[in-house]
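Keep in mind that this is a model prediction, so the values were computed, not measured.
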Amino acid sequence: MTSPLHELSVVVALAAPLILVSFLPSDLTADQQRGAAVAPAPCIGSERERRSESSVDDGEIRWTDETRYDTARKHALEVWQFNGARIKLRPDSATTVNDLEFRDYRGGAADRAAVAQYVRDSGTAATDYVRFNRDKVDGRSRAFMNSAAAHELGHALGLCHKTGRVLSLMWTDIVSPPITSPQAVDKANYNALWR
């Protein structure tokens, strides 16, 4: 789907309606229950995981922040810097190019309005965005916000949505209780993309 913000932009949204689903340990595969190594999972539909669809520039994402949801932003940056993470997430500076900006917008509270979205601008030296829809997230729990922020940062790292057959932060819906950090399959996909 293209964004009205820019002709060459791509929008990936954690879209409503939000389906709050209880997830039980018995729903996991045997390998996930044992904590065994998990293989990367395929993308849903026609989505693909590509480095060229990420905000990564020279092995890092330089970010800035204009969001009122700093706690969620900080959480997302922290959980994607897991042990073995190859992509560095660093604040922008006066001598670097801003790759990603966290920002808020008013997107309405309709059922189909996105909670948050990753907006990619494919222009040279362009800034991509993780945007939080204030109309959908104000008043939500910290776990809900952490899930949305970490999910959208996953897109900025080049990851796609995953099917409900695997336990993943990259599901299209936020479940109850929310998944707030990359799961084994998310790390497997990350490692396959950024090896």
Side-chain angles (χ1 to χ4, degrees), residues 3-6 9-18 20 53-110 113-121 125-161 168-183 186-187 189-190 194:
S3 167
L5 295 176
H6 188 279
S9 296
V10 176
V11 176
V12 181
L14 187 57
L18 293 175
L20 298 177
E53 295 297 318
S54 74
S55 297
V56 177
D57 183 18
D58 292 329
E60 67 182 7
I61 294 177
R62 290 290 184 152
W63 58 267
T64 57
D65 158 356
E66 288 188 23
T67 179
R68 66 191 294 179
Y69 307 106
D70 278 341
T71 301
R73 174 196 50 82
K74 289 174 186 175
H75 168 82
L77 291 165
E78 181 180 304
V79 299
W80 280 108
Q81 291 294 255
F82 56 86
N83 187 24
R86 292 172 180 88
I87 306 305
K88 302 301 177 206
L89 305 173
R90 298 182 170 124
D92 191 30
S93 72
T95 60
T96 59
V97 175
N98 183 24
D99 302 310
L100 183 67
E101 184 174 310
F102 292 86
R103 131 178 329 184
D104 306 335
Y105 74 109
R106 292 283 193 180
V115 168
Q117 57 186 202
Y118 168 63
V119 181
R120 185 171 180 287
D121 187 332
T127 301
D128 302 332
Y129 298 91
V130 168
R131 301 180 348 143
F132 301 105
N133 180 354
R134 290 177 57 186
D135 298 321
K136 292 289 274 196
V137 299
D138 279 351
R140 297 286 190 155
S141 71
R142 178 173 289 186
F144 183 96
M145 285 303 304
N146 287 349
S147 180
H151 174 98
E152 297 307 329
L153 186 52
H155 288 311
L157 287 162
L159 300 181
C160 65
H161 288 121
S168 175
L169 173 65
M170 300 310 294
W171 285 343
T172 57
D173 298 311
I174 295 177
V175 296
S176 181
I179 297 171
T180 60
S181 62
Q183 302 298 296
D186 302 314
K187 292 177 182 179
N189 282 74
Y190 173 101
W194 298 107

Practice task
Specify the closest pair of heavy atoms between A156 and L100, including all atoms of both residues, with the distance to one decimal.
Solution key: CB-CD2, 3.9 Å
Problem - Cation-pi check, R140 onto F144 ring (under 6.0 Å, within 45° of axis) - result: yes
Practice task
Answer yes or no: are there more than 12 heavy-atom neighbours, outside R142 itself, under 6.0 Å from its atom CZ?
Solution key: no
Exercise for the section: Look up atom CD1 in I61 and atom CG in L89, then write down how far apart they are to the nearest 0.5 Å. Expected result: 5.5 Å
Practice task
Write down the atom of W171, the atom of H161, and the distance for their closest heavy-atom approach.
Solution key: O-CD2, 4.0 Å
Practice task
Ignoring hydrogens and angles, tell me if any N or O in the side chain of K187 forms a donor-acceptor pair with the backbone of W80 under 3.5 Å.
Solution key: no
Handout entry: Close side-chain approach of F102 to R131, heavy-atom, < 4.5 Å
Key = no
Practice task
List the atom of R62, the atom of S93, and the distance in Å for their closest heavy-atom pair.
Solution key: NH1-OG, 4.4 Å
Handout entry: D135 with R106: basic N within carboxylate O range, under 4.0 Å
Key = yes
Fill in the blank from the handout: The side chain to side chain contact (heavy atoms under 4.5 Å, CB included) partners of S54 (sequence neighbours excluded) come to V56, W194
Handout entry: Whether Y69 and F132 hold their rings parallel, tilted or perpendicular, with breakpoints at 30° and 60°
Key = perpendicular
Exercise for the section: First locate atom CD1 of I174, then atom OG of S147, and finally report the distance between them rounded to the nearest 0.5 Å. Expected result: 4.5 Å
Problem - CG-NE2 distance between D173 and H151, expressed to the nearest 0.5 angstrom - result: 9.0 Å
Practice task
Measure the spacing between CG of L153 and CH2 of W63 and express it to the nearest 0.5 Å.
Solution key: 10.5 Å
Completion exercise
Here the gap from D104 atom CG to D65 atom CG, rounded to the nearest 0.5 Å, amounts to 8.5 Å
Practice task
Would you check if the side chain of Q81 reaches a backbone N or O of I87 as a donor-acceptor pair within less than 3.5 Å?
Solution key: yes
Handout entry: Heavy-atom closest pair, residues A116 and A148
Key = CB-CB, 4.4 Å
Practice task
Might you point out which heavy atoms bring D186 and S181 nearest each other, and give the distance in Å?
Solution key: OD2-O, 4.4 Å
Fill in the blank from the handout: Of T71, V137, V115, D138, the one forming a side chain to side chain contact (heavy atoms under 4.5 Å, CB included) with M145 is V137
Handout entry: Aromatic ring proximity F82/Y190, centre distance under 6.0 Å
Key = yes
Handout entry: From NZ (K88) to CG (D58), nearest 0.5 Å
Key = 14.5 Å
Handout entry: Shortest non-hydrogen separation from G107 to N133 and the atoms involved
Key = N-OD1, 2.9 Å
Problem - Exam field: side chain N146 to backbone A76, donor-acceptor pair closer than 3.5 Å - result: no
Exercise for the section: Measure the acute angle between the ring planes of Y118 and H155, then classify it against the limits of 30° and 60° as parallel, tilted or perpendicular. Expected result: parallel
Exercise for the section: Check whether the side chains of D128 and S55 place a donor and an acceptor atom closer than 3.5 Å, and report yes or no. Expected result: yes
Practice task
Hey, could you give me each pair passing salt bridge (Lys or Arg N to Asp or Glu O under 4.0 Å) that has a residue in residues 90-101? Not counting sequence neighbours.
Solution key: E60-R90, E101-R103
